[in-house]
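The residues of the chain are indexed from 1 along the displayed sequence.
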Amino acid sequence: MGIRSTLARWWQRPSGAWYEVGELSIHSGRLLIHDIMYGWGDDAEIVVPAGKYLVRAFFGPTDAPAPFTGSIVQRVQIMNRPDAAGTFHVVREVGVDMARITVSDAQDLSDYIEYEGKERVGYVLCNPKEPADGENILKRLLKDKYGLAVAKARLPSRYARIERPISKELERSILEDVERIPEFSRNSFIYFHVVTANTFDRVNSFSQPYGMMPIDSTGSARMAVVQSGYGDGCYPVSLCQDGAGGVCVQVDFEGTYTEDFVKSFAN
């Protein structure tokens, strides 16, 4: 499904309501909410009663400028009972740098995360400011030194696929060359990177506001993926517990703490 049809499908959904994301088994009693780009320590985990948990997202409109649709995931809840009630208390914050969070059982993620996938596909950023023929400096480097052809980028993506698998050794060599170019050295990953379809790559390419996906390529365990409101930022994680064993954990993506970040859209 293309990006246009995906956005259109979500745009047509009724806004301002709770939507079920899916069910998770938190069998270890350690709930993990984090940005999968980074590792995690014990302080990122929340101890909860072991069992089945419902993940749901509140998707609705906002007055602030937001990309694409004007609607965002405003908050996400993870609960073991739909009638769990109580007062929310902030227990930690989650830092986000890839515009989405993952929710999983901490032991499942530790057991099944894939750091290396079965593919090794290279991508190069095509600068739209370069000449119309697309022969930018990175394409010339790949062609002249390594004999690698680069396919034409397909809109709306600005990345073009290298038409040959990239080995680890070749990746290291190309990155060394890219980092020697002054204008590319600081963020070389933006200009050239290799996608292996590992767990991170699959989360990074997840285009829906929320949903479930397998942690590994064999589907051994699942995790929830939820877009983080306006995007990158630092968001509070709150916990409420009632006296009957009910637990609800909430991540709030919209509030006064996001005002400065939201204002940056207008700049």
Side-chain angles (χ1 to χ4, degrees), residues 18-59 73-118 196-206 208-229 235-253:
W18 286 102
Y19 296 97
E20 182 175 327
V21 179
E23 186 180 78
L24 283 176
S25 173
I26 310 299
H27 55 88
S28 72
R30 294 155 48 214
L31 175 66
L32 179 61
I33 302 171
H34 83 314
D35 181 331
I36 203 167
M37 180 183 292
Y38 306 105
W40 70 94
D42 293 341
D43 59 340
E45 302 173 7
I46 300 174
V47 177
V48 296
K52 300 290 186 181
Y53 282 75
L54 172 69
V55 183
R56 65 176 190 167
F58 189 91
F59 184 75
V73 177
Q74 297 180 14
R75 64 191 67 89
V76 60
Q77 292 183 341
I78 306 98
M79 61 185 70
N80 62 352
R81 288 211 324 252
D83 60 346
T87 302
F88 281 100
H89 300 280
V90 176
V91 293
R92 57 173 291 244
E93 291 183 328
V94 56
V96 179
D97 196 34
M98 62 182 298
R100 54 185 64 83
I101 61 168
T102 60
V103 182
S104 64
D105 180 273
Q107 191 62 53
D108 279 346
L109 192 66
S110 178
D111 289 344
Y112 299 115
I113 188 171
E114 292 178 333
Y115 293 103
E116 186 72 22
K118 297 179 180 180
T196 70
N198 61 15
T199 304
F200 166 79
D201 289 334
R202 289 185 288 110
V203 171
N204 193 39
S205 63
F206 193 84
Q208 299 176 359
Y210 52 82
M212 304 292 294
M213 65 176 293
I215 294 175
D216 64 1
S217 54
T218 62
S220 301
R222 299 200 306 165
M223 61 183 171
V225 183
V226 182
Q227 288 185 356
S228 52
Y235 302 102
V237 181
S238 303
L239 171 70
C240 84
Q241 296 174 290
D242 60 29
V247 172
C248 181
V249 178
Q250 176 171 282
V251 186
D252 192 355
F253 297 125

> Side chains of Thr196 and Asp201: does their closest heavy-atom pair fall under 4.5 Å?
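A side-chain contact exists here, since the closest heavy-atom pair is under 4.5 Å.
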> Taking it one step at a time, do Asp43 and Arg92 satisfy side-chain contact (heavy atoms from CB on, under 4.5 Å)?
CA-CA 8 Å; Asp43 59 340; Arg92 57 173 291 244; over 6 Å; no
> Checking side-chain polar atoms at under 3.5 Å, does Asp216 have a donor or acceptor matched by the opposite partner on Ser220?
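Side-chain D/A pair, Asp216 to Ser220: present.
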> Could you tell me which residues satisfy salt bridge (charged side-chain N to carboxylate O under 4.0 Å, His left out) with Glu116, sequence neighbours excluded, listed by chain and number?
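Scan of Glu116 (salt bridge (charged side-chain N to carboxylate O under 4.0 Å, His left out), adjacent residues dropped) gives Arg120.
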> Mark yes or no for whether Thr102, through its side chain, and Val225, through its backbone, hold a donor-acceptor pair below 3.5 Å.
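No; zero donor-acceptor contacts below 3.5 Å.
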> Which heavy atom of Ala224 sits nearest a heavy atom of Val21, and at what distance?
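The pair with the smallest heavy-atom distance is CB-CG1, 4.1 Å.
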> Does Asp111 have any salt bridge (charged side-chain N to carboxylate O under 4.0 Å, His left out) partners at least two apart in sequence or in another chain, and if so, which?
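Result, salt bridge (charged side-chain N to carboxylate O under 4.0 Å, His left out) vs Asp111: none returned.
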> Would the distance check show the side chain of Asn80 and the main-chain N or O of Val247 forming a donor-acceptor pair, the cut-off being under 3.5 Å?
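Yes; judged by distance alone, with no hydrogens or angles, the pair exists.
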> Within this structure, what is the CZ-CG distance for the pair Arg81 and Leu54, rounded to the nearest 0.5 Å?
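Reported value, rounded in 0.5 Å steps: 13.5 Å.
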> Treating Glu114 as the side-chain partner and Ser217 as the backbone partner, does any N or O pair qualify as donor plus acceptor under 3.5 Å?
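Yes.
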> Under a 3.5 Å distance rule, please check whether Arg100 uses its side chain to pair with a backbone N or O of Phe206 as donor and acceptor.
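Yes; judged by distance alone, with no hydrogens or angles, the pair exists.
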> Rounded at 0.5 Å granularity, tell me how far OH in Tyr112 sits from OG1 in Thr199.
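The OG1 atom of Thr199 is 12.5 Å from OH of Tyr112, to the nearest 0.5 Å.
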> Val203 versus Met213: any side-chain heavy-atom pair under 4.5 Å?
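They are in contact (side-chain heavy atoms under 4.5 Å apart), so the answer is yes.
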> Compare every heavy atom of Glu20 with every heavy atom of Tyr210, then report the nearest pair and how far apart it is.
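Minimum heavy-atom separation between Tyr210 and Glu20: CE1-O, 4.3 Å.
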> Can you tell me how far the NZ atom of Lys52 sits from the NE2 atom of His27, to the nearest 0.5 Å?
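Output value for this atom pair is 9.0 Å.
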> Is there a side-chain contact (heavy atoms from CB on, under 4.5 Å) between Leu24 and Asp105? Walk through the geometry before answering.
CA-CA 8 Å; Leu24 283 176; Asp105 180 273; over 6 Å; no
> Taking C-beta and beyond as the side chain, do Tyr235 and Arg75 meet within less than 4.5 Å on heavy atoms?
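No - every pair of side-chain heavy atoms lies 4.5 Å or more apart.
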> Could you walk me through whether Ile78 and Ile46 satisfy the side-chain contact (heavy atoms from CB on, under 4.5 Å) test, starting with their C-alpha distance in whole Å, then the side-chain angles of each, then the deciding distance to 0.1 Å, before giving a yes or no?
CA-CA 11 Å; Ile78 306 98; Ile46 300 174; over 6 Å; no
